Enquirer: 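If you scroll down you'll find the structure; I have some questions about it.
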Amino acid sequence: GNLWFGGQNGTLTRYTSNDNSWKVYNFIDRDGSRLHLNNIAPDGDELWIATNKALSLFLIDKHGGEIKETYRRLGEHMNGEEEVTCVRVVGNRIWAGLIGGVATANKNDPNLLDFSRWISFTKETSPGLGSNSILCLTNIGDDILVGTDQGVFKFNSLDSTWQDLGLDDHRVNDLESINQLLYAATNSGIYVYQDQVWAPLSTSGLLSTDFNSLSADSQGNIWVGTADQGISTYIDSKWKNYLIDGPPSNVFLDMETDDS
């Protein structure tokens, strides 16, 4: 299968385990500057990629991998070219978190370059959303949850309001549902949400407790990317650390596994 890594230096890196190979794609903005890749959402033979100025749709197989479209304004409550910190595919909808709020649209809409095709939510327009600095989002079934610089919030689709789930004093950089439990990667450790309470995982053996990203492999093992000390994995209640010599950096802003 493939592992995809998004880099702050404007690179999307693919690691193919079958032949132990690496391939790097460069993301260059229209002014020639390198984009910062913040988050990756796999969607069949496509990747939705959040950058510091826009949301891009990447085709994995076409011409060995290329960008199809880039969306710079996501809804009427957004000004355009806000930083897109996170992205998630839920059913037929694409959800994006921005430094400015949350946006969603039908992923199959052929006119997503038109900002009016997106629905946007902000702290000012959506009751209960405690911050516009959206750092991550995930789903449990049809429920949408976002992590912010002031904790975790859950979306209520019936009335477009948000519920505060806690971790208010934490910067929540990533959220994932693993084995029917919600996990949060924060600037001070990994937390699991169970019975409406957040409990920390042990930090014994870790090189860093400042986490940017969180994922799980097909066996349910937890993988985390740190802000400064490579990758760690949590197997059988123990941490193992990796300093990777393949990607250009050991600062991991996002990590994801695909289905191949």
Side-chain angles (χ1 to χ4, degrees), residues 36 38-39 41 50 52 74-75 77-78 82-88 90 95-104 119-204 206 208-216 222-229 232 234 239 251-255:
H36 299 174
N38 294 326
N39 196 229
N52 61 312
L74 308 182
H77 299 303
M78 304 299 168
E82 287 98 343
E83 180 167 8
V84 183
T85 57
C86 49
V87 59
R88 187 84 172 186
V90 182
W95 286 82
L98 302 88
I99 301 301
V102 184
T104 183
I119 302 171
S120 53
F121 309 93
T122 67
K123 178 180 178 180
E124 294 75 22
T125 63
S126 298
L129 184 59
S131 173
N132 281 333
S133 294
I134 311 301
L135 305 178
C136 59
L137 59 84
T138 192
N139 69 291
I140 300 179
D142 294 330
D143 290 331
I144 304 298
L145 303 103
V146 298
T148 75
D149 61 348
Q150 298 180 40
V152 181
F153 299 87
K154 177 182 175 182
F155 180 62
N156 183 348
S157 61
L158 295 178
D159 57 9
S160 297
T161 61
W162 297 80
Q163 176 188 356
D164 186 347
L165 292 189
L167 289 181
D168 297 356
D169 56 345
H170 291 72
R171 179 182 175 90
V172 181
N173 294 316
D174 202 6
L175 289 168
E176 289 291 341
S177 176
I178 302 172
N179 299 327
Q180 307 301 314
L181 295 174
L182 180 64
Y183 287 79
T186 79
N187 59 336
S188 58
I190 303 295
Y191 289 79
V192 58
Y193 190 66
Q194 191 170 17
D195 298 326
Q196 299 184 336
V197 175
W198 290 100
L201 293 186
S202 169
T203 58
S204 176
L206 283 169
S208 173
T209 58
D210 189 356
F211 296 106
N212 285 334
S213 52
L214 172 69
S215 189
I222 298 172
W223 293 78
V224 293
T226 73
D228 54 2
Q229 292 291 333
S232 300
Y234 192 67
W239 289 104
V251 179
F252 290 90
L253 298 182
D254 189 41
M255 62 191 304

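Small disclaimer: the values here were computed from a predicted structure and weren't measured. Note that the numbering runs from 1 along the sequence shown for the chain.
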Enquirer: Will you find, in the side chains of D164 and Q150, an N or O donor that is under 3.5 Å from an N or O acceptor?
Expert: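 Side chains of D164 and Q150: no pair found under 3.5 Å.
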
Enquirer: For the ring pair (Phe, Tyr, Trp, His ring centres under 6.0 Å) test, which of Y193, Y191, Y183 pairs with W198?
Expert: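 By the ring pair (Phe, Tyr, Trp, His ring centres under 6.0 Å) criterion, W198 pairs with just one of Y193, Y191, Y183: Y193.
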
Enquirer: Please report the interatomic distance CH2(W162) to CG(L145), rounded to the nearest 0.5 Å.
Expert: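 Nearest 0.5 Å value for the CH2-CG distance: 8.5 Å.
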
Enquirer: Around atom CD of E124, are there more than 12 heavy atoms of other residues, nucleotides or ligands at under 6.0 Å?
Expert: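 Buried by this count: over 12 neighbours within 6.0 Å.
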
Enquirer: Say you draw a straight line from CD1 of I134 to CD of E82; how long is it, rounded to the nearest 0.5 Å?
Expert: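 Here the rounded value is 12.0 Å.
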
Enquirer: Test of understanding: with side chain to side chain contact (heavy atoms under 4.5 Å, CB included), list the residues that count as partners of S133, not counting sequence neighbours.
Expert: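 S133 satisfies side chain to side chain contact (heavy atoms under 4.5 Å, CB included) with I99, S131, D149 once adjacent residues are dropped.
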
Enquirer: To the nearest 0.5 Å, tell me how far Q194 CD sits from Q180 CD.
Expert: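 Answer rounded to 0.5 Å: 11.5 Å.
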
Enquirer: So I222 and L214, do their side chains get closer than 4.5 Å, heavy atoms only?
Expert: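 Yes, their side chains come closer than 4.5 Å.
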
Enquirer: Side chain of N173, backbone of L135: donor and acceptor closer than 3.5 Å?
Expert: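 Answer holds: no.
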
Enquirer: So do W239 and V224 actually touch side chain to side chain, heavy atoms under 4.5 Å?
Expert: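 Counting from C-beta outward, V224 and W239 do come under 4.5 Å.
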
Enquirer: Are side-chain heavy atoms of L137 and N39 found at a separation under 4.5 Å?
Expert: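 Heavy-atom side-chain distance check fails, nothing below 4.5 Å.
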
Enquirer: If only atom types and distance count, is the side chain of T148 paired as donor or acceptor with the main-chain N or O of G151 below 3.5 Å?
Expert: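 Between the backbone of G151 and the side chain of T148 there is a qualifying donor-acceptor contact (under 3.5 Å).
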
Enquirer: Do you know which two heavy atoms are closest between A96 and V84, and how far apart they sit?
Expert: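 Between these two residues, the closest heavy atoms are CB-CG1, 4.1 Å.
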
Enquirer: Under 3.5 Å, is there a donor-acceptor pair between the D159 and T161 side chains?
Expert: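 Yes, a side-chain donor-acceptor pair sits under 3.5 Å.
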
Enquirer: For residues S126 and S160, report the shortest heavy-atom separation together with the two atoms involved.
Expert: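 The pair with the smallest heavy-atom distance is CB-O, 3.9 Å.
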
Enquirer: Under 3.5 Å, is there a donor-acceptor pair between the side chain of N132 and the main chain of K123?
Expert: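 Judged by distance alone, yes, a pair lies under 3.5 Å.
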
Enquirer: Locate the shortest heavy-atom distance separating D210 from N187; write the atom from each residue and the value.
Expert: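 Scanning both residues, the minimum pair turns out to be OD1-CA, 3.5 Å.
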
Enquirer: To the nearest 0.5 angstrom, please state how far the CG atom of L167 sits from the OG1 atom of T186.
Expert: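 If we round to the nearest 0.5 Å, L167:CG and T186:OG1 are 7.0 Å apart.
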
Enquirer: Pair N156, Q163 - check side chain to side chain contact (heavy atoms under 4.5 Å, CB included), show working.
Expert: CA-CA 7 Å; N156 183 348; Q163 176 188 356; over 6 Å; no

Enquirer: Any side-chain heavy-atom pair from T122 and M78 closer than 4.5 angstrom?
Expert: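 Yes, side chains in contact.
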
Enquirer: For D142, look at atom CG and say whether over 12 heavy atoms of other residues, nucleotides or ligands are found less than 6.0 Å away.
Expert: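 Counting other residues, nucleotides and ligands, CG of D142 stays at 12 neighbours or fewer.
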
Enquirer: Got a sec, which residues hit ring-ring contact (aromatic ring centres under 6.0 Å, His included) with F121, two or more places apart in sequence or on another chain?
Expert: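 Partners of F121 under the ring-ring contact (aromatic ring centres under 6.0 Å, His included) test: F155.
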
Enquirer: Determine whether F211 and D174 make a side-chain contact, defined as any pair of heavy atoms from C-beta on separated by less than 4.5 Å.
Expert: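 The answer is no; the side chains never approach within 4.5 Å.
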
Enquirer: Could you tell me whether the side chain of I178 reaches within less than 4.5 Å of the side chain of Y234, counting heavy atoms only?
Expert: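 No, every pair of side-chain atoms sits at 4.5 Å or beyond.
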
Enquirer: Should T104 and V90 count as side-chain neighbours, where that means a heavy-atom distance under 4.5 Å?
Expert: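 The answer is no; the side chains never approach within 4.5 Å.
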
Enquirer: When rounded to the nearest 0.5 angstrom, what is the spacing between CG in N139 and OG in S177?
Expert: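 With rounding to 0.5 Å, CG (N139) is 7.5 Å from OG (S177).
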
Enquirer: With heavy-atom distances below 4.5 Å as the criterion, would you say the side chains of C136 and V172 are in contact?
Expert: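 Side chain of C136 against side chain of V172, heavy atoms only: contact under 4.5 Å found.
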
Enquirer: Just to verify, what does H77 make a ring-ring contact (aromatic ring centres under 6.0 Å, His included) with, not counting sequence neighbours?
Expert: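 Not a single residue meets the ring-ring contact (aromatic ring centres under 6.0 Å, His included) criterion with H77.
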
Enquirer: How many angstroms lie between atom NZ of K154 and atom CG of L175, to the nearest 0.5 angstrom?
Expert: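 It is 13.0 Å, given to the nearest 0.5 Å.
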
